[in-house]
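Notes to accompany the following structure.
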Amino acid sequence: MKDIIQVKNISFNYADQPLLFDNLSLNVHEGEWLALIGQNGSGKSTLARLIDGLNVLKQGQIIVDGLLVNDENILDIRNKIGMVFQNPEDQFVGATVEDDVAFGLENRQVDREQMHHIVERSLKNVNMWDFRDRIPANLSGGQKQRVAIAGIVALSPQIIILDEATSMLDPRGRQDILNLVREIKAKNHLTVISITHDIDEAAGADRVVVINHGKKIDEDVPDKIFANTEQLEQIGLDAPYTSQLIAALKGKGVNLNQQYLDSERLIAWIKQLVSNK
């Protein structure tokens, strides 16, 4: 499997601050959904900014699709990556939704007729075409994130980074955005990095990397990461509700053969358990 991002022995610190990363290494596989989890201040968002070249490394290398992250390659690298931030308003520059999605295309000097088709397609992909004449600031939180995602999809990146992109949404809005990104990922064969402290969000990833105080302390599939509730609690993260429920069931003498189940699988298992009694 190709590694579309390689983080090699990187070190970084902010001015007058101790080292945040000290010899950190990790890889992101092409086409996967990777979740980076950890408490606030653990270094997750800083790592995203280093990958996109928004922050500059002190030591080590980051390679994105074969290109070293440096001044020479930075424009090509940013064409490969789309970032969705916690507050989508930080990304808005257009007077209307349609203008905002067109902004990046205008910067790339895309032909106006072609631009119109791309903007229409991108907004329809996120179910926001009917809002094209609205002022972005007047939209709901979920609608704003949809517009931010449309602006990124319009630029055809290979990688989408969600930097706490759902943290300001209610549970329903959060799930809607995650489902939308999942559909876009499958349709366009994208790689997704989800930076989050929301364990339930990370549970839907293909692979999870746990970061604490700038160090990678674990990486594995969600089932194995979230079965280790003690490790999660030690770094200040709550175990998923399903893991807590499984632990409570085991405390009552009800044992499952699997270490971790998402909510749908757990409900199905409980229904089967009840029907067998």
Residues Asn179 and Gln175: side-chain donor-acceptor under 3.5 angstrom: yes

Derivation of the side chain to side chain donor-acceptor pair (under 3.5 Å) call for Asn9 and Ser25: CA-CA 5 Å; Asn9 306 114; Ser25 295; 3.3 Å; yes

Residues, nucleotides or ligands: over 12 heavy atoms within 6.0 Å of [X] [atom1]:
{"X": "Arg108", "atom1": "CZ", "value": "yes"}
{"X": "Asn40", "atom1": "CG", "value": "yes"}
{"X": "His29", "atom1": "NE2", "value": "yes"}
{"X": "Phe103", "atom1": "CZ", "value": "no"}
{"X": "Lys271", "atom1": "NZ", "value": "no"}

Say you draw a straight line from [atom1] of [X] to [atom2] of [Y]; how long is it, rounded to the nearest 0.5 Å?
{"X": "His117", "Y": "Ser122", "atom1": "NE2", "atom2": "OG", "answer": "12.5 Å"}
{"X": "Met115", "Y": "Gln109", "atom1": "CE", "atom2": "CD", "answer": "9.5 Å"}
{"X": "Ile5", "Y": "Glu30", "atom1": "CD1", "atom2": "CD", "answer": "10.5 Å"}
{"X": "Met128", "Y": "Gln143", "atom1": "CE", "atom2": "CD", "answer": "4.5 Å"}
{"X": "Gln61", "Y": "Leu68", "atom1": "CD", "atom2": "CG", "answer": "5.0 Å"}
{"X": "Leu190", "Y": "Ile184", "atom1": "CG", "atom2": "CD1", "answer": "8.0 Å"}

Worked check of side-chain contact (heavy atoms from CB on, under 4.5 Å) between Lys185 and Ile160: CA-CA 9 Å; Lys185 173 186 180 298; Ile160 289 181; over 6 Å; no

Are the side chain of [X] and the backbone N or O of [Y] linked by a donor-acceptor pair below 3.5 Å?
{"X": "Arg49", "Y": "Asn55", "value": "no"}
{"X": "Asp206", "Y": "Trp33", "value": "yes"}
{"X": "Thr196", "Y": "Ile37", "value": "no"}
{"X": "Arg132", "Y": "Glu98", "value": "no"}
{"X": "Arg174", "Y": "Glu201", "value": "no"}
{"X": "Asp111", "Y": "Gln114", "value": "yes"}
{"X": "Gln145", "Y": "Thr166", "value": "no"}
{"X": "Asp52", "Y": "Leu54", "value": "no"}

Residues Phe12, Leu24; criterion side-chain contact (heavy atoms from CB on, under 4.5 Å); working and verdict: CA-CA 9 Å; Phe12 176 82; Leu24 174 73; over 6 Å; no

For the pair [X] and [Y], find out whether any cationic side-chain nitrogen is under 4.0 Å from an anionic carboxylate oxygen.
{"X": "Lys80", "Y": "Asp76", "answer": "no"}
{"X": "Glu120", "Y": "Lys124", "answer": "yes"}
{"X": "Glu89", "Y": "Lys144", "answer": "yes"}
{"X": "Asp163", "Y": "Lys44", "answer": "no"}

Please determine whether residues [X] and [Y] belong to a single hydrophobic cluster, defined as Ile, Leu, Val, Met, Phe, Trp and Tyr linked transitively by side-chain heavy-atom distances below 4.5 Å.
{"X": "Ile161", "Y": "Leu47", "result": "yes"}
{"X": "Met83", "Y": "Ile74", "result": "yes"}
{"X": "Val192", "Y": "Val84", "result": "yes"}
{"X": "Val210", "Y": "Phe21", "result": "no"}
{"X": "Val7", "Y": "Ile81", "result": "yes"}

Please give me the minimum heavy-atom distance between [X] and [Y], naming the atom from each residue.
{"X": "Ala205", "Y": "Leu34", "value": "CB-C, 4.4 Å"}
{"X": "Asn23", "Y": "Ser11", "value": "N-OG, 3.3 Å"}
{"X": "Ala48", "Y": "Ile195", "value": "CB-CD1, 3.2 Å"}
{"X": "Ile51", "Y": "Ile77", "value": "O-CG2, 4.0 Å"}
{"X": "Ala202", "Y": "Phe226", "value": "CB-CZ, 3.8 Å"}
{"X": "Leu123", "Y": "Ala150", "value": "CD2-CB, 3.9 Å"}

Under a 4.5 Å cut-off applied to non-hydrogen side-chain atoms, are [X] and [Y] in contact?
{"X": "Leu50", "Y": "Val69", "answer": "no"}
{"X": "Thr96", "Y": "Ile135", "answer": "no"}
{"X": "Leu155", "Y": "Asn79", "answer": "no"}
{"X": "Gln39", "Y": "His213", "answer": "no"}
{"X": "Asn228", "Y": "Asp220", "answer": "no"}
{"X": "Asp176", "Y": "Arg146", "answer": "yes"}
{"X": "Val209", "Y": "Val28", "answer": "no"}

Full working for side-chain contact (heavy atoms from CB on, under 4.5 Å) between Val221 and Val208: CA-CA 6 Å; Val221 295; Val208 178; over 6 Å; no

Whether His116 and Trp129 hold their rings parallel, tilted or perpendicular, with breakpoints at 30° and 60°: perpendicular

Full working for side-chain contact (heavy atoms from CB on, under 4.5 Å) between Val101 and Val147: CA-CA 7 Å; Val101 175; Val147 173; 4.2 Å; yes

